[in-house]
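In what follows, a single structure is set out as structure tokens and then discussed.
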Amino acid sequence: MQNSLTLTNEVVQQYLQEGKPYVVRIKMPENEIISFNDMIHHEVSFESNLVDDKVLLKADGMPTYHLAVVVDDYLMKISHAFRGEEWLSSAPVHILLWKYLFGLENMPQWAHLPLILGPNGKLSKRDGAKYGFPVYAMNWTDPRSEEFTEGFKEKGFLPEAFINLLAMLGWNGGTEQELFSMEELIAQFSIERVHKSGAKFDYEKAKWFNHEWIKKSTTEALYPLVKNLFETKNVNTKNEDYFKTVIGLVKERCTLVSDFYEQSVYFFEAPQTLDVEAVKPKWNENKQSFFEILCTQLTELKAWDVIEIENCFKNLATEKSIKPGELQLPMRIMLVGGKFGPAVFEIAHLIGKEETLNRIQSALTKINN
RNA sequence: GCCGCGUUGGUCAAGAGGUUAAGACGCCUCCCUUUCACGGAGGAAUCACGGGUUCGAGUCCCGUACGUGGUACCA
């Protein structure tokens with residue numbers, strides 16, 4: 001190896017004058033134990049003989065990270081340095097740099113945080129797309145590979161949920177509480193309870209956090225997000241009050257913000273497709289006639305409210321000797337398109353008399369085809 | 001390979017020598033609901049392995065295995 005340690009002083013001076021490119025390294029001491037106190041790992045030690053003489057200044061004169069952090073932290077009077085555990089191995093280099101340059105007494109407190117792991121080991125940002133879940137907070141296109149990765153935000157995660165799920169990966173308050181707001185985290189966080197080992201990321205649990213936060217969120221807070229979602233889908237969302245009522249009605253069924261679309265489009269537009277297969281097998285003339293009569297009776301209904309609609313429906317069912325339950329599913333398919341959503345009569349009430357009648361009639365023709 | 005760090009159900013985890021080893025996610029069963037979801041009740045599943053120390057070990061020590069990070073004139 002050729003360096004100033006193996007070359008004679010004369011040769012070194014000569015090379016310097018010739019302008020030969022060179023780097024500056026840190027010279028590790030021999031037979032020393034470099035140990036320090038990490039806030040998370042506590043006492044950590046390394047044998048100096050096994051640590052490399054890292055490059056501090058590159059041949060082009062630029063400092064490497066090792067030199068840069070130490071100088072930077074000193075200049076910024078950093079008291080606590082938090083970084084990922086991947087830096088633990090190079091900590092002895094930084095410790096020595098502090099000792100040589102600015103004094104150990106000025107060195108910040110170290111905390112090496114546990115890593116977040118993917119399903120098969122370390123979570124690699126480069127592999128973002130293949131996991132089937134986001135790895136970036138927001139949409140990201142790699143400038144080199146031009147590979148696009150959808151972010152948590154765009155996927156439909158609430159910022160509150162994202163912060164919450166991240167906080168619970170590597171830290172635990174020691175209580176049964178799992179749902180924390182930023183304020184609660186700030187109040188309850190303690191470095192002593194940060195874990196030492198990395199945690200595997202579980203997308204199912206991440207979605208659970210989001211679901212919980214959607215349920216916790218007020219309609220008021222959800223409104224701008226959902227409104228934005230519907231705007232991108234070009235759906236006319238009618239008036240604000242109506243929209244908010246809908247949000248309140250379906251939010252407990254939404255895991256991701258994007259779920260609001262399919263969970264509530266039918267409040268604004270008639271369903272494109274109907275799950276007629278759910279109805280056809282048990283369809284008969286009696287039911288056909290029930291819905292035909294229902295239409296005329298609903299047309300004559302004085303007040304269009306939930307109770308009135310329900311009474312009308314049930315009375316006619318009794319008259320026809322059909323169990324109301326057997327008719328509710330078809331009714332739901334007609335109004336919603338599928339087997340989901342809030343109470344049927346609530347839906348009928350909200351979308352209005354005219355729309356309800358239209359949907360029943362158009363569904364009737366589809367079922368008979 | 002070498003060095004560091006770590007190891008409680010599938011996953012996140014509580015636990016700081018003596019517990020029937022919390023809780024959550026997911027899964028399954030049931031109740032509620034003649035939809036889906038919410039909610040409620042219950043179930044299956046665990047201390048990596050081997051040695052010590054101790055009256056007693058998930059908890060302390062050693063070894064092995066495994067995982068993870070580092071081992072770049074990247075950060």
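Values below: every heavy atom of this structure, side chains too, minus hydrogens, waters and symmetry copies. By convention in this document, chain letters (A, B, ...) are assigned in the order of the sequence lines, proteins followed by strands, and residues within each chain are numbered from 1.
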Using a heavy-atom cut-off of 4.0 Å across all strands, would you classify [X] as base, sugar-phosphate, or nothing?
{"X": "A:Ile333", "value": "nothing"}
{"X": "A:Pro92", "value": "nothing"}
{"X": "A:Ala199", "value": "sugar-phosphate"}
{"X": "A:Phe46", "value": "sugar-phosphate"}
{"X": "A:Gly341", "value": "base"}
{"X": "A:Ala343", "value": "base"}
{"X": "A:Ser45", "value": "sugar-phosphate"}

Below 4.0 angstrom from OP1 or OP2 of [N], is there any side-chain N or O of [X]?
{"X": "A:Lys58", "N": "B:A75", "answer": "yes"}
{"X": "A:His112", "N": "B:C5", "answer": "no"}
{"X": "A:Arg193", "N": "B:G15", "answer": "yes"}
{"X": "A:Arg332", "N": "B:C36", "answer": "no"}

**Prompt:** Under the 3.5 Å rule, do the base of B:A24 and the side chain of A:Lys205 count as making a donor-acceptor pair?
**Reply:**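 Side chain to base: pair found, below 3.5 Å.
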
**Message:** Let's test your reading of the model: under 3.5 Å, does the base of B:G69 pair with the side chain of A:Ser89 as donor and acceptor?
**Reply:**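 When only heavy-atom distances are counted, A:Ser89 does reach the base of B:G69 through a donor-acceptor pair under 3.5 Å.
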
Could you give the [atom1]-to-[atom2] distance, from [X] to [N], as a whole number of Å?
{"X": "A:Leu50", "N": "B:G69", "atom1": "CG", "atom2": "P", "value": "21 Å"}
{"X": "A:Lys196", "N": "B:U59", "atom1": "NZ", "atom2": "P", "value": "15 Å"}
{"X": "A:Leu117", "N": "B:C12", "atom1": "CG", "atom2": "P", "value": "8 Å"}
{"X": "A:Phe267", "N": "B:C36", "atom1": "CZ", "atom2": "C1'", "value": "12 Å"}

**Item:** ring-ring contact (aromatic ring centres under 6.0 Å, His included) partners for A:Phe291, two or more places apart
**Value:**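 ring-ring contact (aromatic ring centres under 6.0 Å, His included) list for A:Phe291, sorted by chain: A:Trp283.
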
**Message:** Any strand counts, and the cut-off is 3.5 Å on both contacts for Watson-Crick or G-U wobble. Which nucleotide pairs with B:U68?
**Reply:**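 Result: B:G4.
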
**Any-strand Watson-Crick or G-U partner of B:C25, both distances under 3.5 Å** =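 Pairing partner, where one exists within any strand: B:G10.
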
**Asked** Other than A:Leu115, which residues form its hydrophobic cluster under the rule that side-chain heavy atoms must be closer than 4.5 Å?
**Response**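 Same cluster as A:Leu115: A:Leu117.
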
**Prompt:** Looking at A:Lys216 and A:Glu212, does any basic side-chain N land under 4.0 Å from a carboxylate oxygen?
**Reply:**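 Looking at A:Glu212 together with A:Lys216, the answer is no, because their closest N to O distance does not fall below 4.0 Å.
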
**Message:** Would A:Lys227 and A:Phe243 count as a cation-pi pair here, with the cationic atom under 6.0 angstrom from the ring centre and within 45° of the axis?
**Reply:**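 No, A:Lys227 does not sit over the ring of A:Phe243.
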
**Request:** Return the 5'-most residue of the pair A:His211, A:Phe340 with respect to RNA chain B, ranking by each residue's nearest nucleotide.
**Result:**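 The residue closer to the strand's 5' end, by nearest nucleotide, is A:Phe340.
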
Sticking with atom [atom1], work out how far [N] lies from [M], rounded to a whole angstrom.
{"N": "B:C25", "M": "B:C49", "atom1": "C1'", "answer": "29 Å"}
{"N": "B:A57", "M": "B:A21", "atom1": "C1'", "answer": "13 Å"}
{"N": "B:G63", "M": "B:C2", "atom1": "P", "answer": "15 Å"}

**Prompt:** Just wondering, more than 12 heavy atoms not from A:Lys323 lying within 6.0 Å of its NZ?
**Reply:**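 No - once you tally the heavy atoms of other residues, nucleotides and ligands closer than 6.0 Å, there are 12 at most.
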
**Item:** Sole candidate of A:Ile40, A:Val194, A:Leu88 that passes side-chain contact (heavy atoms from CB on, under 4.5 Å) when paired with A:His112
**Value:**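 Running side-chain contact (heavy atoms from CB on, under 4.5 Å) over A:Ile40, A:Val194, A:Leu88 with A:His112 returns exactly one hit, A:Leu88.
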
**Asked** Would B:C38 be called syn or anti, given that syn covers angles within 90° of 0?
**Response**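 Nucleotide B:C38 adopts syn.
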
